[in-house]
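First comes the structure, then the notes that go with it.
Order of appearance sets the numbers: ligands from 1, and atoms from 1 within every ligand. The figures here come from the full heavy-atom set of this structure, side chains too, leaving out hydrogens, waters and symmetry mates.
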Amino acid sequence: MPDPRPPPAYVRTPTAAFLSSLAVDRSLARVDLAGSVVHAEMLGRANLVTPDEAKALTDGLRAVAAEVADGRFAWRDDLEDVHTNVEVRLTELVGAVGGKLHTARSRNDQIALDERLYLREAVASVASRLAKLEGSLLARASVSTAVPMPGYTHLQRAQPVTVAHYLLAHFWRFDRDLDRLFATEGRANVSPLGAGALAGSTLPIDPTYVAARLGFDRAFENSLDAVSDRDPLVELLFDLALLAVHASGFAEEVVVFASKEFGFIERTPALGGGSSLMPQKCNPDAAELVRAKAGGAIGDLVTLLAVLKGLPLAYDRDLQEDKAPVLRAVATLSSVLDTVDVLVRTLAFDPGRVAEAAADPELYATDLAERLVAGGVPFREAHEAVGSFYRSAGGAPATEALRVAAANLPRAGDDASVRAALDLRGSPGGPAPLAVAHQLSLARSRLAARTTSLSSLDRKVRRIGEILDGERT
Ligand code: ARG
């Protein structure tokens, strides 16, 4: 049944359905309403509406927010977008004064504001998932500093590390992702409201009030830039794409380590499901999907860059296509991070298999060469001598020094010999348990600092709820 109330003139066109963004931007309703409440407050302070009108507008907007929150709001497809839906409903609730809300405002600066507020919430939500994952990596690492495992280059056994050192490598790269997200939010923390359609207003508006009340550092410097700037969304998508790439690398290791060929981790139910045909199968589906989701996240970044490429200042309708990739990527990464966290918490290393692999003499070829180097042999010479010793597979060592060093190499079944070799890898940032203990303490204080940043971001996010609840801050 078509709605009997006609839509406002600006949305009456035969292409209305094509122009509509409601399906996507209705998820921004909450931040849109908070922005409108503050805009109405500003109109009151600037005497652009009377105090009574300002109160009618803010009360009405809060009533609309309550309808949206509990699902009573009747969304109208014929009204193009979230902004128009809200304004039309507001006017139904408060009467003609509702028509004053859009004074000195355009949907161009309005949507730009909504996106900044959304970005803040999205960063807070992804960042808290990342911090949780970092905590899980730390917890697993702190109990595995003495569990040796092979380290790989070219996916070939290379040199020994420990499970803790391996898990912490993932900690640090996820931590850089977290840092990037915070930095993106920091740069995005500028309010565009008051830029109007593109050139501000002839009325005495106060963008600074709006910015401060919504928790922004400041208001925009240039109205043309303010309505067209989507850099924060591009940065967010890049951060998420790289995060997804990092998660996919970890997932690939889980897939490989869970194969019978490696057998480093047990195929627990948390890794995924079985096969509908092959009764023996227990597949690492969850890790495989994490690996695949990176494709979508990269695609979302490319989509937005392609939408933006070549756009003239200031607002172009193309910009409406910016939201779907962002919302999609945020949802993707939220589920990816939750899944990676489950994987990290439940990974069951097979200590026997890992220990056996870590005792592989090949892993200690460099150690052998370095022992010769410590005795004064030039590295190139040592490299050559050890290389031919390994190639001769059990042949006699070329020199007495090599024989002595080789006799001290780790042996399969002798865990103490492996541990002794690991203790020697104590260079800064290396895998020796002592070095890893130091690394763990650095990681712990890093995570503590991140938790503090997260709390101050959460405080900013809570402002939206406070504004909608009618609290003064
Ligand atoms: N739905 C639009 C968007 O997402 C809102 C801004 C519309 N502005 C306009 N001039 N038609 O970008």
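- Here the heavy atom of the protein found nearest to atom 10 (N) of ligand 1 is N108 OD1, 3.1 Å.
- Of all protein heavy atoms, the one closest to atom 3 (C) of ligand 1 is Y315 OH, 3.2 Å.
- Side-chain contact annotation: Q110 with D32, donor-acceptor N/O pair under 3.5 Å present.
- Nearest to atom 1 (N) of ligand 1 among the protein's heavy atoms is Q320 OE1, 2.8 Å.
- Taking 4.0 Å as the cut-off between side-chain N and carboxylate O, D179 and R176 do not count as a salt-bridged pair.
- Geometrically, R446 does not engage F171 in a cation-pi contact defined by less than 6.0 Å to the ring centre and at most 45° from the axis.
- For the residue pair D81/T84, the side-chain donor-acceptor check at 3.5 Å is satisfied.
- For ligand 1 and K323, the ligand atoms under 4.0 Å from any heavy atom of the residue are 3 (C), 4 (O), 12 (O).
- A salt bridge links E121 to R30: one of the charged nitrogens lies within less than 4.0 Å of a carboxylate oxygen.
- Under 4.0 Å from ligand 1, not a single heavy atom of E80 appears.
- Counting heavy atoms under 4.0 Å from ligand 1, residue R317 touches it through the side chain alone.
- Atoms of ligand 1 lying under 4.0 Å from at least one heavy atom of D81, given by number and element, are 1 (N).
- Y152 and F257 have tilted rings, their planes meeting at an angle from 30° to 60° on a 0 to 90° scale.
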